[in-house]
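Have a look at the structure below, then the notes.
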Amino acid sequence: MKAAVRYFSKLGNTKTIAEAISEGVGVKAVSITDEPELPENVDVLFLGGAPYANIMAPELRAYAENLSPGLVGKVVLFTTSNWSRRTVYALRKILKERNIPVDPEHFYAHMLNIKGRAEAAKEFGKRKLLC
Ligand SMILES: Cc1cc2nc3c(=O)[nH]c(=O)nc-3n(C[C@H](O)[C@H](O)[C@H](O)COP(=O)(O)O)c2cc1C
């Protein structure tokens, strides 16, 4: 299975979780600001971000809106925040409208417990590669 991990992070929380998932998956975590497009097809794309002032970062929205359906087998979402349900819902909606499959399960880490969730994020990455 070929995988990629992409994230948007202003303050570093989502980056920390992305790097933990990456460790489990065995690929490098890359910020969407450093690489705005996927360079090759992947079976699984782990995609993460956070809400700021009640909405997901516009950079993350634009990435999901421009993601090419032909490049991705499925997307697995992850978020960090105080409360991310709306961001996850919005991302799912954008991706589904573009016919990109989204795994029913996502990974969540509360912003006050990022380090405490790193091991679980690593295991989540490993597990999601297998199913
Ligand atoms: C300016 C600002 C606005 C935020 N607004 C929200 C919000 O509306 N809802 C929420 O759940 N968390 C909010 N947060 C918390 C962030 O989503 C949370 O700290 C997240 O982990 C940040 O991810 P990052 O470190 O990868 O940038 C906000 C944080 C900042 C700095």
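First listed ligand is number 1; within each ligand, the first listed atom is number 1.
- In this structure, K10 forms a cation-pi arrangement with Y52, its terminal cationic atom sitting closer than 6.0 Å to the ring centre and no more than 45° off the ring axis.
- Rounding to the nearest 0.5 Å gives a distance of 8.5 Å between NZ of K126 and CD of E23.
- Between the side chain of R117 and the main chain of Y108, a donor-acceptor pair closer than 3.5 Å is present.
- Remark: the backbone N or O of V27 is paired with a side-chain donor or acceptor of S22 at under 3.5 angstrom.
- Evaluated by nearest non-hydrogen atom to atom 23 (O) of ligand 1, the leading choice among L11, N54, T80, I55 is T80.
- When only interatomic distances are considered, the shortest N/O to N/O separation between K15 and ligand 1 does not fall below 3.5 Å.
- Across P51, S31, A18, heavy-atom proximity to atom 16 (C) of ligand 1 is greatest for P51.
- The backbone and the side chain of S9 each have at least one atom closer than 4.0 Å to an atom of ligand 1 (non-hydrogen atoms only).
- Counting the atoms of ligand 1 from 1 in the order shown, those under 4.0 Å from a heavy atom of A50 are 17 (O), 20 (C), 22 (C), 23 (O).
- The residues K28 and E19 are annotated as not salt-bridged, no charged nitrogen and carboxylate oxygen being separated by less than 4.0 angstrom.
- Atoms of ligand 1 lying under 4.0 Å from at least one heavy atom of W83, given by number and element, are 10 (C), 11 (O).
- Of all atoms in ligand 1, numbered sequentially from 1 with element shown, those under 4.0 Å from a heavy atom of M111 are 15 (C), 18 (C), 19 (O), 21 (O).
- Ligand 1 has A53 within reach: a non-hydrogen atom of the residue lies less than 4.0 Å from it.
- Taking every heavy atom of N82 and a limit of under 4.0 angstrom, the matching atoms of ligand 1 come to 10 (C), 11 (O), 12 (N).
- Scanning the protein heavy atoms around atom 27 (O) of ligand 1, the nearest turns out to be Y52 OH, 2.5 Å.
- Remark: E65 engages R61 in a salt bridge, criterion side-chain N to carboxylate O under 4.0 Å.
- At the shortest separation from atom 25 (O) of ligand 1 among protein heavy atoms lies N13 N, 2.7 Å.
- Those atoms of ligand 1 with a heavy atom of K10 less than 4.0 angstrom away are 24 (P), 26 (O), 27 (O).
- Looking at D43 and K2, no side-chain N of the basic residue comes within less than 4.0 Å of a carboxylate O on the acidic one, giving no salt bridge.
- Judged purely by atom type and a 3.5 angstrom limit, R92 uses its side chain to pair as donor or acceptor with the backbone of P104.
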